[in-house]
Amino acid sequence: MSSLEKGLRSAVTERGLRVALIFALTAERLSVHYEHGQWLTAAQGATLVADWLGRSKRSLPLDERKHLSELSDQLARQVAGSVSREVGLHITHEMMEALDPNHQSDVGQTMMVECERMLDTPIEG
């Protein structure tokens, strides 16, 4: 079982699951951005969520997976646009490490709080 799967299993509440998914997607988006200079699309993020959830026999509707994907995209771009490459790489590394629930990280905890804030922010429009 991967660290992400362990983390998803430990996200007991539905809200906790959504926050964990935003966190994991943000980490993945930043990783792809810094390693390959590309951004995942909303559809790619939604597909990743479906894959991750499927491993634990869970699912979410497509519109909700896309919403979580879009939130993670906003956060990842916010991070990448506000810090140097070196700091961004450090944040990404800490987030990937924090996907293991046994790993404690101040950066990971700070980003988790930000993921909660993203989820709780009303959609404008």
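Nothing fancy with the numbering, it's 1 onward along the sequence. Quick caveat, the model's predicted, so the values are computed rather than measured.
- A27 and T92 make their closest contact through O-CG2, 4.0 Å (heavy atoms, listed as atom of the first residue, atom of the second, distance).
- Between the side chain of R18 and the main chain of E14, a donor-acceptor pair closer than 3.5 Å is present.
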Let's go through K66 and E70 carefully: what are the C-alpha distance in whole Å and the side-chain angles of both, what is the deciding distance for salt bridge (charged side-chain N to carboxylate O under 4.0 Å, His left out) to 0.1 Å, and is it a yes or a no?
CA-CA 6 Å; K66 282 186 177 178; E70 289 164 358; over 6 Å; no
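- Under a 3.5 Å cut-off, the side chain of R65 and the backbone N or O of L60 do form a donor-acceptor pair.
- In this structure, OG in S31 is found 7.0 Å from NE2 in H36, a value given to the nearest 0.5 Å.
- Between F23 and G108, the shortest heavy-atom contact is CE1-O, 3.4 Å.
- Here the shortest heavy-atom pairing between G88 and Y34 reads CA-OH, 3.3 Å.
- Put simply, CG on L75 and CG on L119 are 12.0 Å apart, with the number rounded to the nearest 0.5 Å.
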Verdict with supporting geometry, R29 and S69, side chain to side chain donor-acceptor pair (under 3.5 Å):
CA-CA 10 Å; R29 286 178 182 284; S69 180; 2.5 Å; yes
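- For the atom pair CD (E64) and CG (L62), the distance works out to 10.5 Å, reported to the nearest 0.5 Å.
- Partners of E94 under the salt bridge (Lys or Arg N to Asp or Glu O under 4.0 Å) rule, at least two apart in sequence or in another chain, do not exist in this structure.
- Within the structure, every pair that satisfies the salt bridge (charged side-chain N to carboxylate O under 4.0 Å, His left out) test and touches residues 107-119, not counting sequence neighbours, is listed here: R15-E116, E114-R117.
- Inter-residue side-chain proximity for V32 and W39 is flagged as unmet; no heavy-atom pair is nearer than 4.5 Å.
- Going from atom CG of L40 over to atom OG of S72 covers 8.0 Å, rounded to the nearest 0.5 Å.
- Within a 6.0 Å sphere centred on CG of D106, heavy atoms belonging to other residues, nucleotides or ligands number 12 at most.
- At a threshold of 4.5 Å between non-hydrogen side-chain atoms, the residues Q38 and H33 do not count as touching.
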Are Q44 and L48 close enough, and set up right, to give a side chain to side chain contact (heavy atoms under 4.5 Å, CB included), and what steps lead you there?
CA-CA 6 Å; Q44 288 171 319; L48 272 174; 6.0 Å; no
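- Note that the CD atom of E97 and the CD atom of Q104 stand 12.5 Å from one another [nearest 0.5 Å].
- A side chain to side chain donor-acceptor pair (under 3.5 Å) check over residues 76-90, counting only residues at least two apart or in different chains, returns the pairs D73-R77.
- Grouping the Ile, Leu, Val, Met, Phe, Trp and Tyr side chains by contacts below 4.5 angstrom, directly or via other members, places V113 apart from L25.
- With a 4.5 Å cut-off on side-chain heavy atoms, I91 and M95 count as touching.
- Distance check, rounded to the nearest 0.5 Å: OG1 of T26 to CG of L71 gives 8.5 Å.
- A continuous path of Ile, Leu, Val, Met, Phe, Trp and Tyr side chains, each step under 4.5 Å between heavy atoms, connects V83 with L30, placing both in one hydrophobic cluster.
- Both V87 and M111 are members of a single hydrophobic cluster when ILVMFWY side chains are connected at heavy-atom separations under 4.5 Å.
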